[in-house]
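Since we're looking at a predicted model, the values are computed, not measured. In what follows, residues are counted from 1 in the order of the sequence shown.
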Amino acid sequence: MDSPDVSDLVTSAGLIGLVIGLVVYLAILALMLWIGYLIIKSAVRNGLREHTLWLESRRGMLR
């Protein structure tokens, strides 16, 4: 019975670690982009709401 070579185990463990690290990195990057998108979406929505209220109050004063 042949025992696996230590260098083969280290190489396979290194590749598995690299793949897991890449997946975790991409997941964190995707999460950061999604949170950034939600923050910007909320800010734009609030800004448009405030601007609309400002326009309506101005239009009311002009009449």
List the atom pairs, with distances to 0.1 Å, where a side-chain N or O of residues 31-45 and a protein N or O form a donor-acceptor pair under 3.5 Å, not counting sequence neighbours.
none

Hits for ring pair (Phe, Tyr, Trp, His ring centres under 6.0 Å) against W54, two or more places apart or cross-chain, chain-then-number order -> H51
Evaluate the criterion side chain to side chain contact (heavy atoms under 4.5 Å, CB included) for residue pair L53 and E56; output intermediate values, then yes/no.
-> CA-CA 5 Å; L53 291 173; E56 288 175 353; 4.1 Å; yes
Using side-chain hydrogen bond (donor to acceptor under 3.5 Å, both in side chains) as the criterion, list what pairs up with R49, not counting sequence neighbours.
-> N46
Can you give me every donor-acceptor pair (side chain of residues 12-29, partner residue at least two apart or in another chain, under 3.5 Å) with its distance?
unit_1: S12; atom_1: OG; unit_2: D8; atom_2: O; d: 3.2
unit_1: S12; atom_1: OG; unit_2: L9; atom_2: O; d: 3.0

